[in-house]
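Everything below concerns the one structure shown next.
All values below come from the heavy atoms of this structure, side chains included, with hydrogens, waters and symmetry mates left out. Fair warning: this is a prediction, and the values are worked out from it, not measured in the lab.
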Amino acid sequence: MSVRVRIAPSPTGNLHVGTARAALFNWLYARANDGVFIVRSDDTDRDRSTAEYEAGILESLRWLGLDWDEGVSVGGPHGSYRQSDRYERYREVAEQLVASGAAYYDQRPTDELEALRQKAQKEGKHPGYYIRRPETEADSGVIRLAIPQDAPIVFDDVIRRTVSFAPQDVDDFVILRSDGIPTYHLASTVDDIDYEITHVARGEDLLPSTPKHILIARGMGAGEPIYAHLPLLFGTDGKKLSKRHDASSLTEFRDAGYLPDAVFNYLCLLGWSVDGETTIFSRDEAVAAFDLADVSKNPATFDTEKLEWMNGEYIRAMDPSRFSELVVPFVEEAVGRQLDEAELARFEEISPLVQERTKLLPEAGEQVTFLFTEIGEYDEKSWDKVMTKEGVSDVLAAAAERLGGLPVWTAEAIEESLRAMLAEMEVGVGKGLQPMRVAVTGSSVSPPLFESMAVLGQEKTIARLDTARTRLTR
RNA sequence: GGUCCCGUCGUCCAGAGGCCUAGGACGCCGGCCUUUCAAGCCGGAAACGCCGGUUCGAAUCCGGUCGGGACUGCCA
């Protein structure tokens, strides 16, 4: 039987990194086994689900480069792949389960159930221990699955090997709410069976729910899929990935200037590796090496710093013209306006030098604003550090004069001229060039100086040297 | 509280009884290169949670312990 896997996000927010990684592993497994990758919308939470979120999630999946063969928006033999369109089917299954005795109606009031829970807790038992099929059957209310108490529920998890639950520790959980809407457990399991999902790879948080899903599947007279419970993802603080401190949705990563290839590569490494040595690899290499059984068992901490490093690697490996093209919007954002054609040409000149020192796309913009806007304020630290030294004024004056007389305005010519000048003045190269850098770019950190001057233009360069010197004498 | 899962450098991953004086990557520290910052190159510090057992031999197997996490809803 060919592999059929799925990712089933709830459209109640943007695509979370945890979900994205689960999607990624499912996708890898499908592609590695010539299988089918399905995207389903688990939108049974009517209050929180929106079409906008759903569209956003799909867009994020595409952005990451995960294409799907069946499911929401691409269609397939199973309709819309939205659970909200299948309420009748779930109700039908629930009724069947009642008819076969596998489930029952329960209309006990909540306070009665709560009392039973507390009693069980007090006795050190599972809270649902006493919530079992009542003596007298009801004919309305919620529908609960009756957990057969005679045997443990055992299954083989691809990642965790054999997992076993005692029936006393599985509660008679609700499968159909009193308003006729299915719960997650029912809807998800019915879909997995109806869509003939062969492998369910999902977060480890669902491990305790797995016996429930297996029992529903059995009640339907179907075989259960093979399960693979992925280790959870945590934030750098060791806690669950938080929305406050970490970027947690894929759109945030995109907006922060991360490349999809880098995010893809990094996410692969959270719980899996090609061989323990290889860090940077392509999608094809990942597909060729991937197996669910190789996914590690322990939870992974999301390390933004490593992702950033990796993003830098991908940026440096990028075709220069592609980089330039990609980064222009960020430059315009930093400059605060659109660039005209001449400015774009100037940016392209210096772009390769910026590419080498960019980890996140927006940084590229910040590095070159000096080319397109006047220096409003010099970086205070830079100024204090390099401009307050002795002889700075002389160096700036001499440089302005030298450069004013330069017949050819190229980086090479500028370099030659300034080096000669500093040699004559007997000023060290580092010591002499730094003030010019601050004068021209506003900061002691910038792209290489000669190229920066070349792109800025002769007139502006000289003007800035003068401006800085004037400010110095005040 | 109960059930289940997990436990190798700060972090991620490798290691499936001898190849381990434990390997790779990020980060960190030092050096080189150098017009700054990056990048690059070289070097360094840094881990098998603990206790027993099995075995000639254990990071690898078993038990216990401690620690972390998930779940415990008419949320998903």
Side-chain angles (χ1 to χ4, degrees), chain A residues 8-10 12 42-45 47-49 106 110 113-114 117 120-129 141-144 157 159-160 163-166 168-171 173-185 187-188 203-211 229 231-232 234 236 238-240 266 268-280 296-310 312-313 316 353-359 363 367 382 386 415 418-419 422 428-434 436-438 441 443-450 452:
Chain A
S10 291
T12 54
D42 278 15
D43 58 349
T44 52
D45 188 333
D47 297 333
R48 296 192 297 147
S49 299
D106 183 7
T110 50
L113 296 173
E114 190 50 40
R117 277 197 191 92
Q121 288 246 36
K122 209 169 288 174
E123 295 172 13
K125 290 169 173 147
H126 180 91
Y129 187 84
V142 300
I143 295 180
R144 290 181 187 278
D157 188 286
I159 297 170
R160 281 154 222 288
V163 182
S164 174
F165 287 86
Q168 297 78 22
D169 295 321
V170 183
D171 54 302
F173 62 104
V174 174
I175 57 175
L176 199 74
R177 294 179 255 234
S178 52
D179 61 1
I181 304 289
T183 60
Y184 162 77
H185 300 298
S188 174
E204 196 199 325
D205 50 336
L206 287 165
L207 195 54
S209 296
T210 304
H229 286 93
L232 259 20
F234 293 99
T236 320
K239 293 175 190 158
K240 207 173 187 173
Y266 179 71
C268 284
L269 257 16
L270 257 26
W272 181 74
S273 71
V274 170
D275 56 13
E277 306 282 297
T278 311
T279 304
I280 305 281
S296 83
K297 292 194 248 268
N298 24 357
T301 303
F302 195 94
D303 184 357
T304 310
E305 281 187 282
K306 186 162 183 177
L307 206 212
E308 240 182 67
W309 163 81
M310 189 170 279
E313 290 286 305
R316 270 172 261 125
L353 295 174
V354 174
Q355 182 173 0
E356 289 174 41
R357 51 209 90 213
T358 299
K359 279 186 177 172
E363 293 170 359
Q367 290 178 57
S382 300
V386 329
E415 175 166 9
L418 289 179
R419 279 188 190 281
L422 291 173
V429 172
K431 204 184 167 200
L433 258 24
Q434 274 306 79
M436 297 185 212
R437 185 187 305 281
V438 173
T441 72
S443 167
S444 60
V445 176
S446 82
L449 183 59
F450 310 124
S452 294

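- Rounded to a whole angstrom, the distance from the P atom of C26(B) to that of A39(B) is 10 Å.
- With sequence neighbours left out, the side-chain contact (heavy atoms from CB on, under 4.5 Å) criterion links P127(A) to R117(A), Q121(A).
- Heavy atoms of T12(A) sit nowhere under 4.0 angstrom from any nucleic acid atom.
- A side-chain donor from one of Q367(A) and T358(A) sits under 3.5 Å from a side-chain acceptor of the other.
- Judged by atom type and distance alone, Q121(A) reaches the base of G1(B) through a side-chain donor-acceptor pair under 3.5 Å.
- When distances are taken from the side chain of L232(A) to each of U35(B), G27(B), G69(B), the shortest belongs to G69(B).
- Regarding contacts with the backbone of G2(B), every side-chain N or O of R117(A) stays at 4.0 angstrom or more from both OP1 and OP2.
- Remark: D47(A) pairs with D45(A) by the side-chain contact (heavy atoms from CB on, under 4.5 Å) rule, at least two apart or across chains.
- Spacing between G69(B) and C33(B) at atom C1', rounded to whole Å, works out to 46 Å.
- Here T12(A) pairs with S10(A), R48(A), S49(A) under the side-chain contact (heavy atoms from CB on, under 4.5 Å) rule; sequence neighbours left out.
- Taking atom P in both C9(B) and U65(B), the straight-line distance is 23 Å, to the nearest Å.
- Close to U36(B), at under 4.0 Å from its OP1 or OP2, lies no side-chain N or O of R357(A).
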Check against side-chain contact (heavy atoms from CB on, under 4.5 Å), F173(A) and H185(A): CA-CA 9 Å; F173(A) 62 104; H185(A) 300 298; 3.7 Å; yes
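- Taking atom P on both nucleotides, A45(B) is separated from U72(B) by 47 Å, rounded to a whole Å.
- Annotation: side-chain contact (heavy atoms from CB on, under 4.5 Å) contacts of R160(A) (sequence neighbours excluded): D157(A), V163(A), E204(A), L207(A), H229(A), P231(A), K297(A).
- Side-chain atoms of L433(A) lie closest to U35(B) of the nucleotides U35(B), U72(B), C74(B).
- Residue P448(A) has its side chain nearest to U36(B) when only U36(B), A76(B), A70(B) are considered.
- The salt bridge (Lys or Arg N to Asp or Glu O under 4.0 Å) search around R357(A) returns none, not counting sequence neighbours.
- Of the nucleotides present, none pairs with U35(B) by Watson-Crick or G-U wobble criteria with both distances under 3.5 Å.
- Residue contacts shown for S10(A) are limited to sugar-phosphate atoms, with no base heavy atom under 4.0 Å away.
- Applying the Watson-Crick and G-U wobble criteria (two distances, each under 3.5 Å), A45(B) pairs with nothing in any strand.
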With the sugar-phosphate defined as primed atoms, P, OP1 and OP2, and the base as all remaining atoms, what B/S/- string results for nucleotides 6-20 of chain B, 5' to 3', for protein heavy atoms under 4.0 Å? SSS--SBSS------
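- Of the residues near RNA chain B, V174(A) and E415(A), the one whose nearest nucleotide (by heavy atom distance) lies more toward the 5' end is E415(A).
- Among the atoms of the strands shown, base atoms are found under 4.0 Å from some heavy atom of L206(A).
- Residue contacts for H229(A): at a heavy-atom cut-off of 4.0 Å it reaches no nucleic acid atom on any strand shown.
- The shortest distance between the side-chain N/O atoms of R48(A) and the OP1/OP2 oxygens of A76(B) is not below 4.0 Å.
- Nucleotides C51(B) and G67(B), compared at atom P, are 16 Å apart to the nearest Å.
- Comparing G40(B), A70(B), C74(B) against the side chain of R316(A) picks out G40(B) as the nearest.
- The CD-P distance, from Q168(A) to C4(B), rounds to 11 Å in whole Å.
- Of the two residues contacting RNA chain B, namely E123(A) and W309(A), the nearest-nucleotide position lying further toward the 5' end is that of E123(A).
- The CZ atom of F450(A) sits 11 Å away from the C1' atom of U36(B) (whole-angstrom rounding).
- In this structure, D43(A) places its CG atom 11 Å from P of A76(B), rounding to the nearest Å.
- Checking A38(B), U35(B), C74(B) against the side-chain heavy atoms of E356(A) singles out A38(B) as nearest.
- A14(B) and G31(B): their C1' atoms are spaced 29 Å apart (whole Å).
- A donor N or O paired with an acceptor N or O is found under 3.5 Å between the base of C74(B) and the side-chain atoms of S178(A).
- When both distances must be under 3.5 Å, the Watson-Crick or G-U wobble mate of U11(B) is A25(B).
- Nucleotides G18(B) and C28(B) are separated by 34 Å at their C1' atoms, to the nearest Å.
- The residue E313(A) sits close only to the backbone: its heavy atoms come under 4.0 Å of sugar-phosphate atoms, none of a base.
- As judged by a 4.0 angstrom heavy-atom cut-off over every strand, S443(A) is placed among residues making no nucleic acid contact.
- Rounded to whole angstrom, the span from the CD atom of Q355(A) across to the P atom of G40(B) amounts to 13 Å.
- Rounded to whole Å, the separation between the P atoms of G63(B) and G23(B) comes to 30 Å.
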